[in-house]
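Working notes for the structure below.
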Amino acid sequence: MSAILQMTVFGLALLSSLFLLLATCTDCWMVNADDSLEVSHKCRGLWRECVTNMQDGVRTCDQYDSILADHPVKIVVTRTLLIAADLLVGLALAALLLGLDCIKFLKEEPRVKLKMCHGAGVILGIGSILGLVGSVWYAVDVYVERAMLVSHNLFLGVHYDFGWSCWLGMAGSTGCFVASVLLTCCLHAHT
């Protein structure tokens, strides 16, 4: 039973970490939420802003000036938290892979392998919390920005909503958190 649980948790952690990594790299954290009369689709990400012409499908992207330039706080905080989450989740995946029973590494030391799985669960949990805080921070900031414009009856031509990268970051972080809980709590009960 433990081997099935380990493989299930590893699969969930791997898929969730891919979601988290894709969210960090992609550029659609905010999308324009205007009516259907728009002729272009605008996405803002952590690293650049892209516009896609809806008629011919041509996409152009503008990189932000510099990583160290003055950016809004939501971009800096989200970048930092998601990069830290990606690094921690990657470390946790490596530790989890070596701690799996089906891997021959330290095959004669089952207690060490179990500790590696528990340690991977803790690291995965910390990474998932960082990713979730970064994704939710960005989403809340987008919501507050939009609510402020609506409350002051301002329309600047484009207003933004959550993009698929933001949802992907939340889904990846949540999946990593579930994998962490399974590793730290349920794995011990099945050994």
Side-chain angles (χ1 to χ4, degrees), residues 5-30 43-50 61-106 109 111-142 162-188:
L5 180 63
Q6 284 181 349
M7 293 306 292
T8 303
V9 169
F10 180 75
L12 176 64
L14 182 63
L15 181 65
S16 300
S17 64
L18 288 175
F19 283 178
L20 199 56
L21 184 63
L22 279 173
T24 305
C25 298
T26 55
D27 54 10
C28 205
W29 281 77
M30 291 171 42
C43 282
R44 285 188 183 170
L46 302 177
W47 312 102
R48 61 188 178 174
E49 184 173 340
C50 294
C61 295
D62 292 329
Q63 298 277 32
Y64 295 143
D65 293 336
S66 167
I67 292 176
L68 301 174
D70 290 333
H71 295 292
V73 174
K74 72 179 170 193
I75 289 179
V76 174
V77 169
T78 305
R79 279 181 183 174
T80 304
L81 290 171
L82 282 163
I83 289 171
D86 290 338
L87 292 173
L88 287 173
V89 167
L91 177 65
L93 277 174
L96 178 59
L97 182 64
L98 293 176
L100 293 175
D101 288 339
C102 61
I103 302 296
K104 293 185 180 188
F105 179 74
L106 293 173
E109 298 288 338
R111 293 182 58 84
V112 173
K113 289 178 88 65
L114 183 63
K115 286 183 181 183
M116 289 178 75
C117 286
H118 285 291
V122 170
I123 295 169
L124 197 60
I126 294 168
S128 69
I129 290 170
L130 291 176
L132 197 56
V133 167
S135 300
V136 170
W137 168 285
Y138 196 93
V140 166
D141 196 61
V142 169
F162 313 130
W164 60 269
S165 296
C166 187
W167 292 112
L168 201 60
M170 287 185 212
S173 298
T174 303
C176 286
F177 186 76
V178 170
S180 169
V181 168
L182 290 173
L183 277 174
T184 55
C185 299
C186 299
L187 189 60
H188 183 67

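Atom CZ of Phe19 and atom CE of Met170 lie 14.5 Å apart (nearest 0.5 Å). How far CG of Leu5 is from CG of Leu183: 7.5 Å, rounded to the nearest 0.5 Å. For the atom pair CD1 (Ile129) and OG (Ser180), the distance works out to 7.5 Å, reported to the nearest 0.5 Å. Residue Gln63 holds its CD atom at 10.0 Å from CH2 of Trp47, rounded to the nearest 0.5 Å.
Within the 4.5 Å cutoff, side-chain heavy atoms of Ser173 are placed close to those of Leu20. Within the 4.5 Å cutoff, the side chain of Arg111 has no heavy atoms near those of the Met116 side chain. With contacts defined as side-chain heavy-atom distances shorter than 4.5 Å, the pair Cys166/Met30 does not qualify. Using a 4.5 Å heavy-atom threshold, the side chains of Asp86 and Ser17 count as separate. Between Arg79 and Thr24, every side-chain heavy-atom pair lies at or beyond the 4.5 Å cut-off. Leu12 has its side chain within reach of Val178: a pair of non-hydrogen atoms, C-beta onward, lies under 4.5 Å apart. Using a 4.5 Å cut-off on side-chain heavy atoms (C-beta onward), Leu93 and Phe10 make contact. Using a 4.5 Å heavy-atom cutoff, the side chains of Tyr138 and Leu46 are in contact.
Disulfide status for Cys43 with Cys50: absent, SG atoms not under 2.5 Å apart.
The two atoms that bring Ala13 and Cys176 nearest to each other are O-SG, 4.4 Å, heavy atoms only. Nearest approach of Ala92 to Ile123, heavy atoms of both residues: CB-CG2, 3.8 Å. Nearest heavy-atom pair across Gln6 and Cys117 is NE2-SG, 4.0 Å. Pairing each heavy atom of Thr78 with each of Gly134, the nearest pair is OG1-O, 3.5 Å. In terms of heavy-atom proximity, Lys74 sits nearest to Asp141 at CD-OD2, 2.7 Å. Between Val9 and Ala179, the shortest heavy-atom contact is CG1-O, 3.7 Å.
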Practice task
Show the numbers, then the answer: is there a side-chain contact (heavy atoms from CB on, under 4.5 Å) between Trp164 and Thr26?
Solution key: CA-CA 9 Å; Trp164 60 269; Thr26 55; 3.5 Å; yes
Exercise for the section: Give the C-alpha distance, both sets of side-chain angles, the deciding distance and a yes or no for side-chain contact (heavy atoms from CB on, under 4.5 Å) between Trp137 and Leu132. Expected result: CA-CA 8 Å; Trp137 168 285; Leu132 197 56; over 6 Å; no
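Contact check on Arg48 versus Asp27 returns a salt bridge, with a Lys/Arg side-chain nitrogen under 4.0 Å from an Asp/Glu carboxylate oxygen.
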